[in-house]
Amino acid sequence: MPNENLYLQFEQCFRAAGGRAAIRTADGAMRLSFAELLSGVSRYANALAALGVEPGDRVTVQVEKSIAGVLLYLAVMKAGGVYQPLNTAYTDAELDYFLGDAAPKLIVCDPARQKAMRELGNRHGIFAVVNLDAAGEGSLAAMAAQMDDRHDTVERKADDLAGLLYTSGTTGRSKGAMITHGNLASNAATLVKLWQITSHDVLLHALPVFHVHGLYVALNTAFLSGAEMIWFDRFDAASLIAAMPQATLMMGVPTFYTRLLAAEDFTAETARGMRLFISGSAPLLAETHETFRTRTGHAILERYGMTETGMITSNPYEGERVPGSVGFALPGVSVRITGDQPGVIEVKGPNVFKGYWRMPEKTQEDFTADGYFITGDVGTIDSQGRVSIVGRAKDLIISGGFNVYPKEVEDVLDRMEGIGESAVVGVPHPDFGEGVIAVITVRGRIPHEQDVISSLSERLAKFKVPKRIFVVDELPRNAMGKVQKAELRRLYAAVFLK
Ligand code: MLC
Ligand code: AMP
């Protein structure tokens with residue numbers, strides 16, 4: 001049996017690229033060649049083995065974005081482990097759940113969080129905790145530096161897990177999506193080919209690396225093609241504009257594009273050397289697409305994906321990129337809508353995950369009898385196969401590319417003293433696409449809006465916390481007693497647009 005560990009494919013590409021830059025900062029102050037990437041990953045993989053990580057073990061990682069963090073990501077794969085990244089915004093209360101559920105062998109966190117993480121880990125019988133800071137220093141980096149730079153890539157089958165990525169659910173409980181080496185390998189190869197990514201490309205990488213977009217779409221396509229990356233620890237329009245003349249390729253959420261357009265010095269000249277702009281994770285407004293094209297001459301290529309499936313559809317590289325459409329099913333992936341259109345999009349293919357971690361019933365619920373994954377996105381497919389997303393069957397808000405499940409926020413609100421009921425909805429937001437708001441009823445004294453927000457921030461990651469809280473006497477309900485969220489979205493539609 002051949003070794004189907006995806007890292008072997010990356011490794012081949014790294015060897016061929018040798019001394020060329022793999023990842024660097026725009027000013028060149030930090031630069032890692034492909035050869036250094038190879039030896040660095042081996043050192044980290046040896047460190048993981050020394051820390052007791054065995055094939056199939058989860059490694060939970062909550063660290064600031066850094067190049068050392070990339071070495072760690074690759075090393076977990078090389079060592080046969082299961083990479084389990086977490087948003088740096090998660091609070092201790094949120095982490096407690098993930099640690100208990102994922103039951104990792106090792107936790108890697110920021111030094112500032114080590115004490116709290118150790119306490120949380122101990123509660124779940126996880127005793128190995130090491131750290132890595134934003135500069136790529138820390139106990140794990142120190143350990144890796146002592147290790148041998150040769151390491152045999154652990155044998156994995158295509159069906160073995162490479163990642164465990166949590167995604168919230170409409171029930172409010174997060175589910176771990178089990179992603180295999182085969183899922184990642186097929187999706188990355190398809191995208192490299194479709195978007196014609198080569199070793200001549202230079203990718204602007206400003207996305208976080210704890211979600212599918214920045215992690216699997218951006219990193220894996222660069223690693224499989226030998227493209228160079230210009231590395232940003234976070235998105236900042238001015239820094240991207242300054243670096244863009246050195247680049248050919250960018251991937252971002254719609255907020256990246258609206259923020260670039262808001263900068264007057266972002267011009268056709270800035271984007272002259274660019275080959276391709278890709279958008280995804282949230283709907284790109286047709287207006288943004290048009291304004292971008294008028295300003296730069298580039299038609300942003302919109303694609304559609306999900307944690308559970310990787311990328312599903314894409315507008316064509318050659319051929320018309322239609323604003324408001326997410327394009328065609330990727331080669332090898334089948335997409336359908338059963339019944340009337342618009343309807344729920346279903347997907348099947350080598351990109352589709354293996355199921356939810358330790359939730360066989362939930363997994364079964366989300367697949368059809370003939371093996372299609374039910375996305376919960378509502379769309380249409382035209383006679384040529386072009387897919388458009390028109391809504392969501394799931395109660396989900398996407399704010400600046402981050403998913404917020406209202407139920408999770410409502411559960412916290414409902415437990416707060418003095419609050420009767422709550423309904424959390426997303427309304428149009430000029431920067432984040434959708435902005436989170438809460439509408440509540442109270443028992444007794446009306447609380448200060450800021451007090452409710454502060455109290456929520458102790459339990460929930462910042463991006464989930466409603467930007468505004470509105471108090472009403474009663475929530476609007478239909479005849480069945482169900483809160484009418486559509487009505488709330490209509491009533492509060494102009495909150496952020498004033
Ligand atoms: C930050 N804040 C957000 C937020 N990001 N609030 C709501 N939604 C968000 N997305 C908070 C901050 O904590 C801060 O709170 C305040 O809002 C203003 O922050 P900011 O400085 O303006 O934000 P910034 O750091 O610039 O971040 C915005 C952003 C970032 C858009 C650059 O959110 C981002 O990188 N988003 C990308 C998400 C992503 O990668 N999604 C891919 C998912 S994968 P305060 O109170 O402290 O001021 C997926 C599958 C697929 O969906 O198809 O790709
Ligand atoms: P996540 O669970 O974080 O992976 O988010 C996946 C969800 O993001 C999908 O189910 C869609 O609702 C949404 N999404 C991703 N890409 C697009 C897109 N191009 N247009 C509209 N929604 C998108």
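Keep in mind that the numbers below use all heavy atoms, side chains included, and drop hydrogens, waters and symmetry copies. We count ligands from 1, going down the list as the structure has it; atoms in each ligand are counted the same way. Because the structure is predicted, anything quoted here is derived from the model rather than measured.
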- Item | Atoms of ligand 1, numbered as shown, that sit under 4.0 Å from any heavy atom of His213 | 42 (C), 44 (S), 54 (O)
- Are a donor atom and an acceptor atom from the side chains of Tyr356 and Glu308 found within less than 3.5 Å of each other? yes
- With no hydrogens and no angle check, do the side chains of Arg275 and His298 hold a donor and an acceptor under 3.5 Å apart? no
- Would you please say whether a donor-acceptor pair under 3.5 Å links the side chains of Asn351 and Thr309? no
- Message: Does the protein come close to atom 40 (O) of ligand 1 - that is, does one of its heavy atoms sit below 4.0 Å from that atom?
- Response: yes
- Task: Salt-bridge test for Asp395 and Lys407: reply yes if a basic N is under 4.0 Å from a carboxylate O, no otherwise.
- Result: no
- Query: Taking atom types as modelled and ignoring hydrogens, do the side chains of Thr180 and Asp159 form a donor-acceptor contact shorter than 3.5 angstrom?
  - Reply: no
- shortest atom 16 (C) of ligand 1-to-protein heavy-atom contact is with Lys467 NZ, 4.2 Å
- Task: Scan side-chain atoms only and decide if Glu458 and Thr91 contain a donor-acceptor pair under the 3.5 Å cut-off.
- Result: no
- Query: Does some non-hydrogen atom of Pro208 fall short of 4.0 Å from ligand 1?
  - Reply: yes
- Query: atom 37 (C) of ligand 1: which protein heavy atom is closest, and how many Å away?
  - Reply: Gly400 O, 3.4 Å
- Message: For atom 3 (C) of ligand 1, what is the closest protein heavy atom, and at what distance to 0.1 Å?
- Response: Phe432 CZ, 3.5 Å
- Item | Whether Phe98 and Tyr90 hold their rings parallel, tilted or perpendicular, with breakpoints at 30° and 60° | tilted
- Considering only heavy atoms, which of Phe402, Tyr216, Phe463, Phe235 lies nearest to atom 30 (C) of ligand 1? Phe402
- Task: May I ask you to list the atoms of ligand 1 that are less than 4.0 angstrom from any heavy atom of Gly305?
- Result: 53 (O)
- Message: So if I only count non-hydrogen atoms and take anything under 4.0 Å from ligand 2, which residues does that give, chain by chain?
- Response: Ser281, Ala282, Pro283, Glu302, Arg303, Tyr304, Gly305, Met306, Thr307, Val326, Asp377, Ile389, Arg392, Lys394, Ile398, Asn403
- Message: So if I count the atoms of ligand 1 from 1 in the order they appear, which ones are less than 4.0 Å from some heavy atom of Leu207?
- Response: 40 (O)
- Task: Would you please say whether a donor-acceptor pair under 3.5 Å links the side chains of Asn131 and Gln114?
- Result: yes
- Query: Heavy atoms of the protein only: does one fall short of 4.0 Å from atom 28 (C) of ligand 1?
  - Reply: yes
- Item | Under 3.5 Å side-chain donor-acceptor pair for Thr255 and Thr258 | no
- Minimum non-hydrogen distance to atom 50 (C) of ligand 1, winning option of Ala206, Ala282, Ser281, Ala237: Ser281
- Shortest heavy-atom approach to atom 23 (O) of ligand 1 - which of Lys462, Arg303, Arg259: Arg259
- Note on the structure: shortest atom 24 (P) of ligand 1-to-protein heavy-atom contact is with Arg234 NH2, 3.4 Å
- With the side chain counted from C-beta on, respond yes when Ile397 and Phe432 share a heavy-atom pair under 4.5 Å apart, and no when they do not. no
- Query: Just by distance, with hydrogens left out, do Tyr166 and Asp101 show a side-chain donor and acceptor under 3.5 Å apart?
  - Reply: yes
- Message: Polar contacts were defined as any N/O atom of the residue lying under 3.5 Å from an N/O atom of the ligand; does this apply to Thr255 and ligand 1?
- Response: no
- Message: When you compare the side chains of Ser66 and Trp231, does any donor N or O come within less than 3.5 Å of an acceptor on the partner?
- Response: no
- Polar contact flag, side-chain donor to acceptor under 3.5 angstrom, Asn183-Tyr216: no
- Query: Are any of the N or O atoms of Ser399 closer than 3.5 Å to those of ligand 1?
  - Reply: yes
- Task: Tell me, please, which residues at least two apart from Pro85 pass side chain to side chain contact (heavy atoms under 4.5 Å, CB included).
- Result: Tyr83, Leu165, Phe210, Leu215
- Mark whether atom 14 (C) of ligand 1 lies under 4.0 angstrom from at least one protein heavy atom. no
